[in-house]
**Student:** 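The structure's right below; bear with me while I get my questions together.
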Amino acid sequence: MEKILKQIIKQKYDIEVDPKVSRPDPQFGDYATNVALQIAKPLGKNPREVAEVISSELEKTGQFSKVEIAGPGFINLTISAKNIANHLFEEFNKGDFGENQDGVGKIAVVDYPSPNMAKPYSVGHLRPGNQGWAAKKLLEATGWKVITDNHLGDYGAPFGIWVAGFKRFSSYDALEKDGVYELGRVYIATKKALKDEAEANGSELADEVQEWLLKLENKDPEAVEFSRLFNEISLNHIHNVMGRLKISTDYEYGEAFFAPKGKEEVQKLLSSGVAVQNDDGSVIVPLDEYGFNTPLLIQKSNGAALYATTDLATIKFREQEWNPDKVVYAVGMEQQFYFSQLFAMADKIGIKTDMYHLTFGVIDQLNEDGTREKMSSRKGVVLMEELLDKAEEKARKLTSGRDISDDDIKKIALGAIKFSDFIADRRTNILFDWNTIFALTGMSGPYIQYAAVRIAKILNDIKNPGVDYIKYDFESEKAVILKLLEYPEVVKNAASSLEPHKVANYLYDLAREMNRYYENVRIAESSDEEKSARLDILTKVLYVFDRGLDLLGIEVPSQM
RNA sequence: GCACCCGUAGCUCAGUGGAUAGAGCACUGGUCUUCGGAACCAGGUGUCGUACGUUCGAAUCGUACCGGGUGUACCA
């Protein structure tokens, strides 16, 4: 349609435009364009006159059942349901409906969900998992080759805190019993003890922490054994939870892997003059030319590596190993400043790869006075496993009395949790609320899953007569078909800005259209010709539900 | 102080230049021996934070201000 308009305008007015066609309020027609309004000004003509010329050309194509001019110069187009249906069939026959080749031949690295080893998986890590996974799927749907890398936080002070705290506050029995949750308690208790000690001007515990870090650095056997044990417990837990979330990564190169490489890179930058060593021994990369008055610290004064050190090495490693066109970091907005510095440094050392910080807002909790505040361990975090358990419990309660498999319960619970993260723009802060985090009605994952399950049931129960439906008019299906035809554009837009909420909002609209159709049309009572036509359309709706939800990491249950 | 994000219905949020700004939740009523009611239909709320500007046209773009959030080199 856009192409036709473009041609007409080129022919009549000899100007190049990219006309936009939108879906107006149904009372106006099926499609609408305001292109006459846009080009009237530069042409020095009356918009309605321009609209007249364009619309008479549109009428000549014979593709529209009605062409109307409205208001200041909108052109409203109505197309017969039959023609729209034919168009849908054509698009499906091309294969991979909804996907495109925008990124073909290009490689992206997606860095996610990158949790810290020290603490149990909390809802704080929900968004990097959801958003990172959706980014991967969206990029793949548009032709990219995607490499996912779980950048584990397995280096630094936490290890010392663990050992010193474990010796003081815990035991092997407790560790055996509660695993990572015991490690989490130890971590929190030790952090608190360190704070109290510092306030009392003491340093005994803090010294112990540093001592253990040094021991690990020097390969002390006891330290190495603690490191192995704690990392094993923590990593098992991370894998277990990621498994429940149905997410995975291709690689797991943690910070510990990059720390020694980072130190080498620091030396290289020092000799090349990019980095500067301060009198206290710390090393910085000045970024004044990028508008930062805060330099990036890449080595502590005691010579130890820190975040930027390992990230520097990570950037170099990924360049050598994968030579990506794009690197996506799925990390919260709190680190926006840090990443802008990191990317500036990357540019300074000659890395040309597109570095993209996939930001998302924090998860808030409601205070008793009604105000919102970022969820923190101080206020009490919600654990990921607890959230999953409660969601499954709720889904199970709703399906009680029916024979629903455990697998389906999990798909519903996960669908509810994930979808709630995709309702809003990812930059929006999320309000964590036990009542809405896994909503099962209205704008929710299960609402869409339910619409899909209904279709699957129909397709399963009603045999397609397979008769020719060349005379069928598709009037009843028109709204659904028009909605289906929007899908490729939605994927294109969502992928280019990595905004999965656009897919989520679209799928909800499609599900609503589908449910309305379901209320009004009884396929079981249709003639053979109608059945064949309608079941063909339903197959396509189910396809879009399946593929669209898959972009969000959500599965369609077999029953619910 | 500076930087970034946000401000749309009672609440949670869609809507990045077009027609009368939309959903969910909550509230009220209706549909109901159904291809599965986790559904459908009906009922109503808005100084789109404020002001000025750009434009034929602004929730959307620009500037300033107000309010909230997040950061601001030896944590990650």
Side-chain angles (χ1 to χ4, degrees), chain A residues 20 22 24-25 27-28 32 34 37-38 40-41 47 70-74 76 114 116 118 153 155-158 255 278 280-285 291-304 306-308 310-311 331-338 340-341 359-362 364 370-374 395 398-399 402 412 416 420 423-425 427-431 433 435-436 439-444 446-451 453-455 457-462 501-502 504-505 508-509 511-512 514-526 531 534-535 538 559-560:
Chain A
K20 279 189 186 148
S22 62
D25 188 305
Q27 64 173 307
F28 296 126
N34 57 13
L37 289 160
Q38 283 169 1
K41 179 86 172 185
F74 296 103
N76 293 324
S114 311
N116 291 326
Y155 176 84
E255 288 170 342
N278 294 322
D280 64 5
S282 61
V283 178
I284 57 168
V285 176
F292 294 102
N293 44 29
T294 308
L296 184 59
L297 184 75
I298 57 172
Q299 184 178 294
K300 296 188 199 179
S301 54
N302 67 4
L306 76 167
Y307 203 21
T310 54
D311 275 341
V331 181
M333 199 136 44
E334 301 96 306
Q335 298 190 38
Q336 185 274 337
F337 179 70
Y338 168 72
S340 62
Q341 283 185 310
T359 59
F360 38 81
V362 301
D364 287 333
T371 56
R372 288 167 69 152
E373 193 179 354
K374 180 182 169 183
L398 202 69
T399 54
R402 273 174 290 161
I412 296 163
S420 70
I423 290 174
D425 187 299
R427 295 164 195 85
T428 306
N429 293 350
I430 281 191
L431 178 63
D433 175 8
N435 295 320
T436 56
L440 303 176
T441 61
M443 190 161 185
S444 68
Y447 176 89
I448 297 163
Q449 289 173 321
Y450 182 65
V453 166
R454 278 177 149 179
I455 298 173
K457 186 72 166 25
I458 294 172
L459 292 173
N460 185 55
D461 289 356
I462 301 174
H501 77 283
K502 290 179 174 171
N505 278 280
Y508 173 71
D509 286 344
R512 196 160 49 150
M514 185 57 225
N515 280 332
R516 280 185 190 141
Y517 176 72
Y518 181 90
E519 293 292 324
N520 294 323
V521 178
R522 298 259 175 268
I523 291 173
E525 296 155 19
S526 307
K531 265 186 204 169
R534 289 169 175 172
L535 291 174
L538 289 192
Q559 283 179 62
M560 62 189 291

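Every chain is numbered from 1, with letters handed out A, B, ... down the list of sequences. Bear in mind the structure is a predicted one, so any value in this text is a computation, not a measurement.
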**Student:** Please tell me if A:Lys300 has a side-chain N or O lying less than 4.0 Å from either OP1 or OP2 of B:C75.
**Tutor:** yes
**Student:** Compare every heavy atom of A:Met560 with every heavy atom of A:Gln449, then report the nearest pair and how far apart it is.
**Tutor:** C-SD, 3.6 Å
**Student:** Considering every strand and a 4.0 Å limit on heavy-atom distances, what is the contact class for A:Gln335: base, sugar-phosphate, or nothing?
**Tutor:** base
**Student:** Scan A:Leu306 against the nucleic acid and name what it touches under 4.0 Å (heavy atoms): base, sugar-phosphate only, or nothing.
**Tutor:** sugar-phosphate
**Student:** A:Ile523 and A:Leu535: which non-hydrogen atoms are nearest, and at how many Å?
**Tutor:** CG2-CD2, 4.0 Å
**Student:** Between the base of B:A39 and the ring of A:Tyr450 - centre-to-centre under 5.5 Å, planes within under 30° - is that a stack?
**Tutor:** no
**Student:** What is the distance, to the nearest angstrom, from the NZ atom on A:Lys20 to the C1' atom on B:U60?
**Tutor:** 12 Å
**Student:** Indicate whether A:Tyr508 forms a stack on B:A23; treat it as stacked only if centroid distance is below 5.5 angstrom and interplanar angle below 30 degrees.
**Tutor:** no
**Student:** Where the side chain of A:Asn505 is concerned, which of B:G18, B:A14, B:C35 is the nearest nucleotide?
**Tutor:** B:A14
**Student:** Starting the side chain at C-beta, find the nucleotide from B:A38, B:C74, B:A19 nearest to A:Asn76.
**Tutor:** B:A19
**Student:** Side chain of A:Thr294: nearest nucleotide among B:A19, B:U72, B:C74?
**Tutor:** B:U72
**Student:** Indicate for each nucleotide in nucleotides 1-12 of chain B, in 5' to 3' sequence, whether protein heavy atoms under 4.0 Å reach the base (B), only the sugar-phosphate (S), or nothing (-).
**Tutor:** ---SS------S
**Student:** What's the closest nucleotide to the side chain of A:Pro295 if the choices are B:A38, B:A76, B:A73?
**Tutor:** B:A73
**Student:** Looking across every strand, which nucleic acid part, if any, lies under 4.0 Å from A:Ala70 by heavy atom: base, sugar-phosphate, or nothing?
**Tutor:** base
**Student:** If you check the A:Arg512 side chain, which of B:C35, B:G15, B:A23 turns out closest?
**Tutor:** B:A23
**Student:** Check every atom of B:A38, B:U20, B:G71 against the side chain of A:Lys374 and return the nucleotide holding the closest atom.
**Tutor:** B:G71
**Student:** For the P atoms, the ones on B:A26 and on B:G22, what distance do you get once it is rounded to whole angstrom?
**Tutor:** 22 Å
**Student:** Please determine, for the side chain of A:Met443, which listed nucleotide (B:A76, B:A73, B:G24) has the closest atom?
**Tutor:** B:G24
**Student:** So does A:Gln27 reach the base of B:U20 with its side chain, donor to acceptor, closer than 3.5 Å?
**Tutor:** yes
**Student:** Nearest to the side chain of A:Glu334, which nucleotide is it out of B:A19, B:G71, B:G18?
**Tutor:** B:G71
**Student:** Have a look at A:Glu525 and say if it touches a base, only the backbone sugar-phosphate, or nothing, with a 4.0 Å heavy-atom cut-off.
**Tutor:** sugar-phosphate
**Student:** At 4.0 Å (heavy atoms only), tell me whether A:Thr436 reaches a base, stays on the sugar-phosphate, or touches nothing.
**Tutor:** nothing
**Student:** Taking the C1' atom of each, how far is B:C61 from B:C2, in whole Å?
**Tutor:** 25 Å
**Student:** Checking all strands, does A:Ile455 fall into the base, sugar-phosphate, or nothing category for heavy-atom contacts under 4.0 angstrom?
**Tutor:** nothing
**Student:** Sticking with atom P, work out how far B:C27 lies from B:C74, rounded to a whole angstrom.
**Tutor:** 49 Å
**Student:** A:Glu519 has a side chain; which of B:C74, B:C40, B:C35 sits nearest to it?
**Tutor:** B:C40
**Student:** For the side chain of A:Asp280, counting heavy atoms from C-beta on, which of B:C74, B:G71, B:A19 is nearest?
**Tutor:** B:C74
**Student:** Taking the C1' atom of each, how far is B:A9 from B:U47, in whole Å?
**Tutor:** 13 Å
**Student:** Select base, sugar-phosphate, or nothing to describe what A:Leu37 touches, counting heavy atoms under 4.0 Å on all strands.
**Tutor:** base
**Student:** Base, sugar-phosphate, or nothing for A:Arg522, non-hydrogen atoms under 4.0 angstrom?
**Tutor:** base
**Student:** Below the 4.0 Å mark, does B:C41 have OP1 or OP2 next to a side-chain nitrogen or oxygen of A:Arg516?
**Tutor:** yes
